[in-house]
A.B. asks: 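Here you go, one structure.
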Amino acid sequence: MPEGDVLRRTAARLDQALAGTVLARAELRWPDATADLTGRTVLGTTAYGKHLLTRLDDGRTLRTHLRMDGSWRVAHTGATERAERDPWVRAVLVGPDWTALGLRLGMLDVVRTDDEHLLLHHLGPDVLVSDFATTGLAAVLDRWAGEGRPACEVLLDQTVQAGFGTIWTAEGLFARHVWPWTPAGDLRDPASLVMTARELMARSVLSQQPVRVHGRAGAPCVRCGTPIAVGTARRPPQERPIFWCPTCQTPPAEWHDGVRHRV
């Protein structure tokens, strides 16, 4: 599933293509095929966590979510006729110079801009806002306090903080030498873990960053040479892969074979 950095880059690309322009044509093919956005001026697109909000001058917002496979593609207007016939195209926004195609979108809603909060109220603070350290971190840490779930699962929980997926969860845990299945409430410094994962993802907004553990199962750890392992966060059907180094990210002393023991 695309993560916060991908959503920020996507929002910037949509902004570059459509902000300030009048939509000559707009088609929403799924699930709300009745909303007509044609003739509206696009004010801009912003991201919140893994959601995209495209705001219009009539007080409405188009909310889209990419889920696992979704994407927005931008091409010159007039050059998308064939691409628009793709059965996976679920939204078409046509400006004077650029056309944006939303493919395999997992969510698509048109709401009053004043009602955006109704779609997002269940989410935690967006970790990529510029003032997150002063406006959102405290609320996130309140949610971490006393958590019995593994740290990897709490990082992935969008109701705790919005934006992290499997990539920056794994990379943040590796950077802080944290065993992914450490109970979140046992961490001595969850703030450093959250802020480290945030910093790594924020760098990727500007330029795609190399990963050190994610997707590298069996490859040597860049620190110690131990083969990278892969485990699982969450239970089916919402399980997610978590990559980690068994040497650099050892379990706390009281944990053995995934079971907690008295020491």
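Residue numbers run from 1 in the order of the sequence given. Just so it is clear, the values below take in all heavy atoms, side chains as well, and ignore hydrogens, waters and symmetry mates.
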A.B. asks: Using the side chain to side chain contact (heavy atoms under 4.5 Å, CB included) criterion, which residues pair with Ala197? Sequence neighbours excluded.
C.D. replies: Phe164
A.B. asks: Can a side-chain donor-acceptor contact be found between Thr182 and Asp186 if the only test is distance below 3.5 angstrom?
C.D. replies: no
A.B. asks: Judged by modelled atom types alone, do Asp5 and Trp168 share a side-chain donor-acceptor pair under 3.5 Å?
C.D. replies: yes
A.B. asks: Between Trp98 and Thr21, is any side-chain donor less than 3.5 angstrom from a side-chain acceptor?
C.D. replies: no
A.B. asks: Are Val42 and Val74 connected, step by step, through hydrophobic side chains (Ile, Leu, Val, Met, Phe, Trp, Tyr) whose heavy atoms are closer than 4.5 Å?
C.D. replies: yes
A.B. asks: Would you check if there is a donor-acceptor pair between the side chains of Glu239 and Thr232 at a distance under 3.5 Å?
C.D. replies: no
A.B. asks: Crowded around Arg240 CZ? As in, over 12 foreign heavy atoms under 6.0 Å?
C.D. replies: yes
A.B. asks: Should we say atom CD of Glu81 is surrounded by more than 12 heavy atoms from elsewhere, each under 6.0 Å from it?
C.D. replies: no
A.B. asks: Using the test ring-ring contact (aromatic ring centres under 6.0 Å, His included), find all partners of Phe243 that sit at least two apart in sequence or belong to another chain.
C.D. replies: His214
A.B. asks: If you count every heavy atom of other residues, nucleotides or ligands that lies below 6.0 Å from Glu84 atom CD, does the total exceed 12?
C.D. replies: yes
A.B. asks: Can you check whether Trp244 and Trp181 have ring centres sitting under 6.0 Å from each other?
C.D. replies: yes
A.B. asks: Would you kindly check if the NZ (Lys) or CZ (Arg) of Arg63 is within the cone defined by 45 degrees around the ring axis of Tyr48 and under 6.0 Å from the six-membered ring centre?
C.D. replies: no
A.B. asks: So does Asp114 pair up with Arg60, basic N to acidic O under 4.0 Å?
C.D. replies: no
A.B. asks: Using a distance-only test with no angle check, is there a side-chain donor-acceptor pair under 3.5 angstrom linking Gln209 and Ser207?
C.D. replies: yes
